[in-house]
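Structure first, commentary second.
Just so you know, ligand 1 is whichever comes first in the structure, and atom 1 is the first atom listed for that ligand. Not measured: the values here are computed from a predicted model.
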Amino acid sequence: EVELKYGADRLGKRQDPAMQKFRENRLGAFIHWGLYAIPGGEWNNKTYHGAAEWLKAWAKVPTMDWLELMKQWNPQQFDAKKWAKMAKEMGVKYVKITTKHHEGFCLWPSKYTEYTVANTPYKKDILGELVKAYNAVGIDVHFYFSVLDWSHPDWRSSIKTQEDSIAFQRFLTFTDNQLKELATRYPTVKDFWFDGTWDASIKQNGWWTAHVERMLKEMLPGVTINSRLRADDYGKRHFDSNGHLMGDYESAYERRLPDPVKDLHVTKWDWEACMTIPENQWGYHKDWSLSYVKNPTEVLARIVHAVSMGGNMVVNFGPQPDGDFRPEEKKIADFIGKWMKKNSECIYGCDYAGWEKQDWGYYTRKSNQVYMVVFNPPYSGQLTVKTPKGITITTAKTLTGEQTQVTETTRNEYNVSLPKNMPQEPFVIKLEVKDAQKTQDKYREALT
Ligand SMILES: C[C@@H]1N[C@@H](C(=O)NCc2ccccc2)[C@H](O)[C@@H]1O
């Protein structure tokens with residue numbers, strides 16, 4: 001291993017209560033809300049197909065013109081309590097909110113920049129209202145924070161001159177101040193999810209990324225930090241030059257997921273994926289007909305896929321400029337919530353089962369219960385289940401208590417029959433399993 005000053009601060013999965021809560025939460029929601037919601041992907045009567053929160057870049061809008069949008073920021077339909085109710089009913093255990101996206105507009109009244117809600121017709125502290133409302137219904141709040149800040153004159157994507165270096169150090173101090181301000185004003189925050197950290201300027205300042213992680217953990221014991229913040233002494237990101245994960249969980253799965261057969265290495269560490277409902281829209285876009293929009297079952301499949309490999313899933317919402325949600329997003333939240341009401345036992349607190357992936361769906365596991373989450377019931381009426389060596393199935397029934405047949409077809413292989421009255425939506429069969437290995441040990445203890 002190489003000597004590192006700014007590599008991973010810890011090896012292996014954190015097992016403290018705060019990290020266990022992060023892990024057991026499993027299902028979260030993303031809120032991408034900022035000035036970009038106002039134009040919604042359209043600028044000077046031209047519609048841009050790229051991600052709406054990047055419109056400033058696609059339309060090459062000068063910073064001062066973009067920030068003029070602040071004069072129109074007045075979400076009259078915004079009601080934090082309604083947002084909290086929607087999240088609660090969807091069954092998410094946490095919400096990640098964009099405190100500041102690349103555009104540099106802050107949803108809290110930061111005293112380190114004028115580009116904040118305080119200087120808009122709306123005036124009020126949106127972030128504060130949301131933290132209070134989500135916490136009031138038992139939902140954890142996580143802060144998304146973009147280090148990249150297109151509004152700040154001292155931001156540099158690369159450091160080419162001494163002037164760049166001096167400006168960028170000022171920028172890092174500005175960023176430190178905003179992070180300390182967020183941690184001080186909103187001490188119930190449970191996580192910081194950093195974005196906009198891919199540029200050379202950050203990779204050349206790995207020390208600063210380590211300092212931010214250490215500073216926030218000093219200020220907020222238990223807080224979790226994503227790997228995307230981190231660069232080490234040599235500019236290596238997410239995993240340091242010795243291959244160790246930095247931060248508390250890997251955060252590279254953005255609009256993609258690890259393969260359930262080829263990427264089983266991810267089960268060795270904590271990770272969190274995030275996804276959009278259209279192909280690639282995080283902020284509000286007026287026209288969702290421009291790309292494929294996932295149906296509710298496709299969203300659900302990604303949630304279960306993540307949990308089946310020991311990860312969390314964060315489903316994105318891009319609120320309208322008026323502070324209400326678009327109908328398509330309300331429908332998705334409603335479908336997921338109704339499904340979670342019946343089936344959340346196979347999500348919350350569940351993890352990778354270590355069983356071989358089958359075509360009919362996904363496994364999740366909680367202690368000696370293995371859940372079969374069936375998305376593709378086979379015409380054979382039989383669900384193939386291959387158990388690891390020494391593991392046997394004792395019972396199998398649906399979450400509504402309906403027995404299903406378990407027939408051993410060969411060593412470590414079973415047919416689990418489809419339930420008689422099969423629901424017309426993905427359903428769960430709960431297996432009680434016995435690990436011969438474990439019981440064997442107990443017996444051997446008795447003998448000694
Ligand atoms: C969570 C998403 N991350 C932001 C983003 O810039 N993604 C595009 C991107 C992803 C990876 C490397 C460079 C750029 C998107 O705008 C969302 O905020």
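- A parallel orientation is assigned to the rings of W193 and Y144, their planes being inclined by less than 30° (bins at 30° and 60°).
- For atom 3 (N) of ligand 1, the closest non-hydrogen atom on the protein side is D195 OD2, 2.7 Å.
- Inclusion of W198 in the set of residues having an N or O under 3.5 Å from an N or O of ligand 1 is not warranted.
- Summarising the contacts of atom 1 (C) of ligand 1 with H101, E103, M275, E254, the nearest heavy atom is found in E254.
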| query | Yes or no on side-chain contact (heavy atoms from CB on, under 4.5 Å) for W288 and I277, after CA distance, side-chain angles and deciding distance? | reply | CA-CA 10 Å; W288 268 19; I277 296 172; 4.0 Å; yes

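- Residues L35 and M70 meet the side-chain proximity criterion, which asks for heavy atoms closer than 4.5 Å.
- Looking at E42 and K286, a side-chain N of the basic residue comes within less than 4.0 Å of a carboxylate O on the acidic one, giving a salt bridge.
- The E53 neighbourhood of ligand 1 comprises atoms 15 (C), 16 (O), with distances under 4.0 Å to a heavy atom of that residue.
- Under the 4.0 Å criterion applied to side-chain N and carboxylate O atoms, D270 and R14 are not assigned as salt-bridge partners.
- In terms of protein heavy atoms, atom 17 (C) of ligand 1 is closest to H32 NE2, 3.4 Å.
- Remark: ligand 1 atoms within the under-4.0 Å shell around heavy atoms of Y144 are 18 (O).
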Do any side-chain atoms of residues 326-337 form donor-acceptor pairs under 3.5 angstrom with protein atoms, and if so which ones, sequence neighbours left out?
residue: R326; atom: NE; partner: E328; partner atom: OE1; Å: 3.2
residue: R326; atom: NH1; partner: H285; partner atom: O; Å: 2.8
residue: R326; atom: NH2; partner: H285; partner atom: O; Å: 2.9
residue: E329; atom: OE1; partner: G318; partner atom: N; Å: 3.4
residue: E329; atom: OE2; partner: G318; partner atom: N; Å: 2.9
residue: K330; atom: NZ; partner: D324; partner atom: OD1; Å: 3.1
residue: K330; atom: NZ; partner: D324; partner atom: OD2; Å: 3.3
residue: D334; atom: OD1; partner: K338; partner atom: NZ; Å: 2.8
residue: D334; atom: OD2; partner: K338; partner atom: NZ; Å: 2.7

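- Taking any N or O of W282, backbone or side chain, none lies under 3.5 Å from an N or O belonging to ligand 1.
- Ranking protein heavy atoms by distance to atom 5 (C) of ligand 1, first place goes to W54 NE1, 3.7 Å.
- Judged by a 6.0 Å distance limit and a 45° cone about the ring axis, K357 is not positioned over the six-membered ring of Y363.
- The proximity of W193 to ligand 1, defined as any non-hydrogen pair under 4.0 Å, is limited to the side chain.
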